[in-house]
Amino acid sequence: MKVEFAPLNIPLIRRIQTLAVVQWVFSFLLLAQCCVGLFLLLVLGRFWLIVALYVLWLYLDWETPQTGGRRCQWVRNWTVWRYFKDYFPIKIIKTADLDPQHNYILGFHPHGVLVAGAFGNFCTNYTEFKDLFPGLTPYLHILPFWFRCPFFREYIMCVGLVSASKKSVTHVLSREGGGNAAIIVIGGAEESLDAHPGNLTLHILKRKGFIKVALKRGAHLVPVFSFGENELFFQVPNPKGSLLRSIQERLQKVMGFALPLFHARGIFQYSFGLLPFRKPIHTVVGKPIPVVQTSNPTQEEIEELHQKYLKALQELFEDNKEKYGIPEHKSLIFI
């Protein structure tokens, strides 16, 4: 395989952007394991006081990821996130106002491999979310599993990540006065296995839990489509029915998260590695779908609202696809 190396005269700013993405990929793939390893070293090293104090802290703080988290504006304002955003670059596009007197569920599509667009837009202060949607506080919901990792949980809560449990979403949407946006990656881990360049398959037809929560809490629904999310990595071919896909799906059911075999570029060359390609990400936030609060929604009401959401998502995609390089003949595939 011919290796394409990066030129030596690349501007320093681009080198810094690459390093910013290196630390993000490391945080996503390895930091949790390193934190668990550090905790085990403390145990094996007989640092009993530190271990005891942290275990006590975990006991007292265990529910925090399900009760709004503990964001830190200092961490969200780290300069490294500006370089991270500019690497791709990541941009958020507004199509309608979101009244801060209401609470919202923002359905994020597609999952992609590492959900770069969702992180850049909702977990840092370097895109225009605060300016475009004043009065709204975003909460990006992720698998509860990650909040069981010692030390790592503290770090991810600082950027505004919270648990994707029903209790957590309900807590965000139950806050009086409005102004809260629960961002849910609807396709979940399963959808990441279809995150191939050019693929427009969304796992959504059976995903109706967020619809039920929206009805119970009276939270308006907002479809969000992130153009370019699936273009950041290649994946080893894993069509439905293949041996690899079967193994991935079984592991996903056991562990709760998927293991896509992805690759893209490296730090000093463009031929292989785990860094994403420099591809623009345009996250388009759609128009809100008003939802009337219903304490006990019927199945018919859930189905009706689900169909409204699918239609709104399809329209959002069709209205914007040509602006962001999607051929006119291509459309979303719902499964």
Side-chain angles (χ1 to χ4, degrees), residues 17 20-21 24 28 71 73 75-100 102-142 156 159-162 172 178-187 191 195 200 202 210 219-232 276-289 309 312-326 332:
Q17 291 168 1
V21 173
W24 176 73
F28 200 105
R71 70 183 56 215
Q73 293 302 327
V75 176
R76 290 171 62 91
N77 284 323
W78 280 355
T79 305
V80 68
W81 303 131
R82 173 161 60 86
Y83 292 113
F84 167 79
K85 183 262 296 185
D86 291 340
Y87 172 89
F88 299 93
I90 298 172
K91 185 175 179 60
I92 190 166
I93 295 94
K94 171 182 174 180
T95 62
D97 291 331
L98 298 182
D99 186 347
H102 298 294
N103 289 324
Y104 299 89
I105 291 180
L106 274 61
F108 186 90
H109 312 270
H111 185 287
V113 173
L114 299 183
V115 211
F119 183 90
N121 283 305
F122 306 120
C123 295
T124 79
N125 291 335
Y126 284 101
T127 61
E128 299 178 334
F129 182 87
K130 288 197 302 181
D131 298 326
L132 295 176
F133 305 104
L136 278 190
T137 301
Y139 297 85
L140 180 57
H141 295 265
I142 64 171
I156 60 178
V159 296
L161 292 169
V162 292
V172 170
N180 302 290
I183 296 96
I184 303 174
V185 185
I186 305 299
E191 193 172 89
L200 296 171
L202 301 182
F210 73 105
H220 295 353
L221 288 170
V222 182
V224 177
F225 195 88
S226 197
F227 292 90
E229 196 75 44
N230 281 350
E231 310 304 313
L232 304 181
F277 294 118
R278 283 183 182 264
K279 299 281 187 178
I281 299 172
H282 295 93
T283 303
V284 184
V285 181
K287 300 175 183 178
I289 303 169
Y309 182 85
L313 176 59
Q314 186 79 55
E315 290 176 352
L316 177 68
F317 175 81
E318 293 295 331
D319 290 345
N320 292 277
K321 65 181 183 181
E322 291 187 49
K323 299 177 190 176
Y324 306 116
I326 306 294
L332 296 178

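In what follows, residues are counted from 1 in the order of the sequence shown.
Ile183 approaches Pro138 most closely through the heavy-atom pair CD1-CB, 3.5 Å. Smallest separation of non-hydrogen atoms from Gly112 and Ala195: C-CB, 3.5 Å. The two residues Leu202 and Glu191 have their closest heavy-atom pair at CA-OE2, 3.3 Å. In this structure, Leu136 and Pro100 approach most closely via the heavy-atom pair CD2-CA, 4.2 Å. Gly120 and Thr127 get closest at one heavy-atom pair: O-CG2, 3.5 Å. A pairwise comparison of heavy atoms in Leu106 and Ala181 identifies CD1-CB, 3.9 Å as the closest pair.
With contacts defined as side-chain heavy-atom distances shorter than 4.5 Å, the pair Phe84/Ile90 qualifies. No side-chain heavy atom of Val284 sits less than 4.5 Å from a side-chain heavy atom of Asp319. Glu315 is not listed as a side-chain neighbour of Lys287, based on a closest heavy-atom distance of 4.5 Å or more. The closest side-chain heavy-atom distance from Leu232 to Phe88 is below 4.5 Å. Within the 4.5 Å cutoff, the side chain of Leu332 has no heavy atoms near those of the His109 side chain. For the pair Thr124/Lys85, no side-chain contact is recorded, criterion being any heavy-atom separation below 4.5 Å from C-beta on. In this structure, the side chains of Leu98 and Val222 come closer than 4.5 Å at one or more pairs of heavy atoms.
Although no hydrogens or angles enter the test, the distance criterion places a donor-acceptor pair under 3.5 Å between the side chain of Trp81 and the main chain of Val75. When atom types are taken as modelled, the side chain of Glu229 and the backbone of Ala116 share a donor-acceptor pair closer than 3.5 angstrom. A distance-only check finds a donor-acceptor pair linking the side chain of Tyr104 to the backbone of Asp99 [under 3.5 Å]. Formation of a donor-acceptor pair under 3.5 Å by the Tyr126 side chain with backbone atoms of Asn77 is found in this model. Panel note: side chain Asn180, backbone Asn103; no donor-acceptor pair is recorded below 3.5 Å. Between the side chain of Tyr87 and the backbone N or O of Pro276 there is at least one donor-acceptor pair closer than 3.5 Å. For Arg76 (side chain) and Phe122 (main-chain N/O), a donor-acceptor pair under 3.5 Å exists by modelled atom type. A donor-acceptor pair is defined here as one N or O able to donate and one able to accept, closer than 3.5 Å; no such pair exists between the side chain of Lys279 and the backbone of Glu231.
Relative orientation of the Phe225 and Phe317 rings is perpendicular, given thresholds of 30° and 60° on the angle between their planes.
With rounding to the nearest 0.5 angstrom, the CZ atom of Phe119 is 12.0 Å from the CD1 atom of Ile281. With rounding to the nearest 0.5 angstrom, the CG atom of Asn121 is 10.0 Å from the NZ atom of Lys91. To the nearest 0.5 Å, atom CZ of residue Phe129 and atom OG1 of residue Thr137 are 8.0 Å apart.
Between Phe210 and Tyr309, the distance separating the two ring centers is shorter than 6.0 angstrom.
Just one residue in the list Thr283, Ile184, Val285 forms a side-chain contact (heavy atoms from CB on, under 4.5 Å) with Phe108, and that residue is Thr283.
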Original post:
Between His141 and Val172, is a side-chain contact (heavy atoms from CB on, under 4.5 Å) present by the stated rule, with each step listed?
Top reply: CA-CA 10 Å; His141 295 265; Val172 170; 4.0 Å; yes

